[in-house]
Amino acid sequence: MLKDIIRGEIVTQTSYDLVYDDGHGNGFGFPCNANGSVINLRPEAVANLAWCAEHPEKFIRVGEVVERRWSWRNPDRGTCSCGETVTLENQYHGACQCPKCGRWYNLFGEELLPPDQWEMDLDEDS
């Protein structure tokens, strides 16, 4: 069993786009801050933004700031008996391997036999 298991934290990220579109998902989105000021635009994007501003009749949403937010949970991790940190992620059939000593663990941190010693039921009817 892994020692000192640390549960992965939930991470949330937010981004914003200045959107010009036709209401059907066709159009342009430019990265911006929450106030709508565009950021890190390449020259081609600057030209596209200028075109959008000059042709508002082509769009239903004109310069609307759209917030996008997504979350994920970082994987749990723990300390192997060899002292190495093991990230509990699905590397092979729901198991992961210590990068230092090669021990195998399930996603709960319990030690497993190596996969070459696993018995697989290949009979689809059972």
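Here the structure is a predicted model, which is why all the values come from computation and not from measurement. Hydrogens, waters and symmetry mates play no part in the numbers below; they use all other heavy atoms, side chains included.
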Any non-hydrogen side-chain atom of Leu112 less than 4.5 Å from a side-chain atom of Glu110?
no

Do Tyr16 and Pro31 have side chains that approach each other closer than 4.5 Å (heavy atoms only, starting at C-beta)?
no

Quick one: does [X]'s side chain have a donor or acceptor within less than 3.5 Å of a partner on [Y]'s backbone?
| X | Y | result |
| --- | --- | --- |
| Asn35 | Ser37 | no |
| Asp76 | Gly8 | yes |
| Gln97 | Tyr105 | no |

Please lay out, stage by stage, how Thr79 and Val86 fare under the test side-chain contact (heavy atoms from CB on, under 4.5 Å).
CA-CA 6 Å; Thr79 306; Val86 177; over 6 Å; no

[atom2] on [Y] to [atom1] on [X], rounded to 0.5 Å:
| X | Y | atom1 | atom2 | value |
| --- | --- | --- | --- | --- |
| Ile5 | Leu88 | CD1 | CG | 6.0 Å |
| Cys80 | Lys3 | SG | NZ | 8.0 Å |
| Arg7 | Arg77 | CZ | CZ | 11.5 Å |
| Arg69 | Thr14 | CZ | OG1 | 4.0 Å |

Would you list the pairs meeting salt bridge (Lys or Arg N to Asp or Glu O under 4.0 Å) in which at least one residue belongs to residues 84-100, sequence neighbours left out?
none

What pairs of residues pass the salt bridge (Lys or Arg N to Asp or Glu O under 4.0 Å) test when at least one of them lies in residues 24-42, not counting sequence neighbours?
Arg42-Glu44

Please check if [X] and [Y] belong to a single hydrophobic cluster, counting links between Ile, Leu, Val, Met, Phe, Trp and Tyr side chain heavy atoms closer than 4.5 Å.
| X | Y | value |
| --- | --- | --- |
| Val38 | Tyr20 | yes |
| Ile10 | Trp70 | no |
| Leu18 | Phe28 | yes |

Thinking salt bridges, do Arg103 and Glu111 make one under a 4.0 Å N-O criterion?
yes

Tell me, please, which residues at least two apart from Asn26 pass side-chain contact (heavy atoms from CB on, under 4.5 Å).
Asp22, His24

List for me each residue that meets side-chain contact (heavy atoms from CB on, under 4.5 Å) alongside Leu113, sequence neighbours excluded, and say none if there are none.
Gln117, Trp118

Give the minimum heavy-atom separation between [X] and [Y], together with the two atoms involved.
| X | Y | value |
| --- | --- | --- |
| Pro75 | Thr87 | CG-CG2, 3.5 Å |
| Cys96 | Gln91 | CA-OE1, 3.2 Å |
| Ser71 | Thr12 | OG-OG1, 2.8 Å |

Atom pairs and distances, donor-acceptor, side-chain atoms in residues 46-56, under 3.5 Å, two or more places apart:
unit_1 : atom_1 : unit_2 : atom_2 : d
Trp51  : NE1    : His55  : ND1    : 3.3
His55  : ND1    : Trp51  : O      : 2.9

Side chain to side chain donor-acceptor pair (under 3.5 Å) contacts touching residues 56-65 (sequence neighbours left out):
Asp21-Arg61

Residues Cys32, Val65; criterion side-chain contact (heavy atoms from CB on, under 4.5 Å); working and verdict:
CA-CA 8 Å; Cys32 66; Val65 176; 4.2 Å; yes

